[in-house]
2 protein chains.
Amino acid sequence: MSVAPTSAKPRRSQEERRREMRARLAAATLESLGESGYHGASLSDILGRAGVSRGAWAHHFSSKLDLVALAAEEMLRESTEVALNLVPADLPDGDRLAALLEATWTRFYQGPRREVLFEVALACRTDAELRARLAPVFAGFIAAVGQAGGRVLRLKPGAVAAVADLLTLTIYMLRGMALQEVTTGPDGRNAALRALWARLLGEWVEVG
Amino acid sequence: MSVAPTSAKPRRSQEERRREMRARLAAATLESLGESGYHGASLSDILGRAGVSRGAWAHHFSSKLDLVALAAEEMLRESTEVALNLVPADLPDGDRLAALLEATWTRFYQGPRREVLFEVALACRTDAELRARLAPVFAGFIAAVGQAGGRVLRLKPGAVAAVADLLTLTIYMLRGMALQEVTTGPDGRNAALRALWARLLGEWVEVG
DNA sequence: AGATACAAACCAATCGGTCGGTTTTTGCAA
DNA sequence: TTGCAAAAACCGACCGATTGGTTTGTATCT
């Protein structure tokens, strides 16, 4: 009787294996990066989380940096995707500008991704090789945010500033706020500050 | 003939020795942190820069964290001092708000201190002991900036926001801008953005 | 004399990375 | 379809280098 594999015989294809292994390692890397920081995310720690042997890792990656870079690239590319697919129609009526700001905040500057983002960005400063690999992806993300913002926002008549500039200021502001929360923990007053910023911003632009 | 010490006999007092040694180590620590990041600032690297033996270090500090914390504390306290002594009279006439913003930028978010500040702040996230030691000093710095700002800025009639909130938004903005430059290098366009922000801010507050 | 400041050899633990060997999948020839 | 060798996936022991930290001994100051 040629039965189907009973239990321990998944018979996965090599490509399937490869993809799953790399994904598992990348996920564990992000987890370790977020939990222990770039400084504490040792290879042993990552491999332990992923339940992957050293040999397997070596088979798929040429160095630790190679793994970290891939994980960061994947995360950034996903964020870029999200930014590009931002559609104003999804926003509720009423104060749409505030809603947009809030959406941007929760999407990009909250949750475990935020910690990883800061860790990796800062690590790029002192690691030329990592910077070389991630710079284009970072740039792509920034460009996507700018593109989405320019598509969604419209300058009010009489405004004295360009949409792109106001957008950059907004991103800087959110980023500084996020860094604050990374260091000191979440702070409820920041939500009020975002609302305030939306109100100020509303003097110059509107969601269209 | 009891001559004065000819050359290799400085005869420094113990307190003098102690202070100089600790200062030298702290300076080397900041240098290493700025150049190599928290991740790369090893004890060997620091001691090498300072030209200090391992034994001497151990005599003055109980651990690496002890040294790093002291160095960061000193730097933050100095910044706090600077913030507290901020006097609007020093500002030139003309666009005083823009001048104030620019002064804040160059004082706190430019130069080697900035890098160290980010490295240490981020390290605090994943190192509870470091965070415990530096949290009060960080808080003191923030409070000093707020106090100085509140003393220098005056709300214009009809403004809809509190000075403190606008101040916090400004700090967040500068911080996000600084983080950008940390990762991607200095960018001339940011100066124009600061000028723009000063103009927008001028709608609500004035330097008094 | 006694304490403090400093130096250098030394230590276990951990780091990223390598290496020989085993298991699983695959492509091709019989 | 089956047999089988090459290729790819995977494992864990092992490696030299480096980490933060200790220890033992000497010089300098009080």
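Chain identifiers are assigned alphabetically (A, B, ...) following the order of the sequence lines, protein sequences preceding nucleic acid strands; residue numbering begins at 1 within each chain.
Distances shown here put every side-chain N or O of B:S53 at or beyond 4.0 Å from the OP1 or OP2 atom of C:dA8. Contact annotation: A:S42 does not reach the phosphate of C:dT14 (side-chain N/O to OP1 or OP2, under 4.0 Å). Contact between the side-chain N/O atoms of A:R17 and the OP1/OP2 oxygens of D:dA8 is not found at any separation under 4.0 Å.
In this structure, the CE atom of A:M21 is 11 Å from the C1' atom of D:dC11, given to the nearest Å. Spacing between atom CZ of B:R12 and atom P of D:dC29 amounts to 8 Å, rounded to whole angstrom units. Counting to the nearest Å, the P atom of C:dC15 and the CD1 atom of A:I46 are 11 Å from each other. The nearest whole Å value for the distance from the NZ atom in A:K64 to the C1' atom in C:dG17 is 12 Å. C:dT14 atom P lies 16 Å from atom NE2 of B:H39, rounded to whole Å. Across the protein-nucleic acid pair, A:W57 atom CH2 and C:dC19 atom P stand 13 Å apart, rounded to whole Å. Straight-line distance from the NE2 atom of B:H60 to the P atom of D:dG20: 19 Å, rounded to whole Å. In this structure, CG of A:L43 is placed 17 Å from P of D:dT19, rounded to the nearest angstrom.
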Query raised in the report: Step by step, would you call A:R49 with A:D45 a salt bridge (charged side-chain N to carboxylate O under 4.0 Å, His left out)?
Result: CA-CA 6 Å; A:R49 285 173 198 268; A:D45 181 84; 2.8 Å; yes
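A residue-by-residue look at B:S62 and B:E15 shows that B:S62 has its nearest nucleotide of DNA chain D further toward the 5' end. Place B:V52 and A:L65 on DNA chain C by their nearest nucleotides, and B:V52 ends up nearer the 5' end. Each of A:H59 and B:A58 lies near DNA chain D, and the nucleotide nearest A:H59 is the one positioned closer to the 5' end.
Under the 6.0 Å cut-off for aromatic ring centres, A:W197 and B:W197 qualify, their centroids lying closer than that. Centroid-to-centroid, the aromatic rings of B:F118 and A:F118 stay 6.0 Å apart or farther.
Candidate nucleotides C:dT4, C:dT25, C:dG17 were compared by shortest atom distance to the side chain of B:Q14, and C:dT4 ranks first.
A donor-acceptor distance shorter than 3.5 angstrom exists from the side chain of A:E119 to the backbone of A:Y38, with no hydrogens or angles considered.
Among the heavy atoms of the strands lying under 4.0 Å from B:R18 are primed sugar atoms or P, OP1, OP2 only; no base atom is included. Nucleic acid contact class of A:R54 (heavy atoms, under 4.0 Å, all strands): base.
A:D187 and A:Q180 form no side-chain donor-acceptor contact under 3.5 Å, judged by distance and modelled atom types alone.
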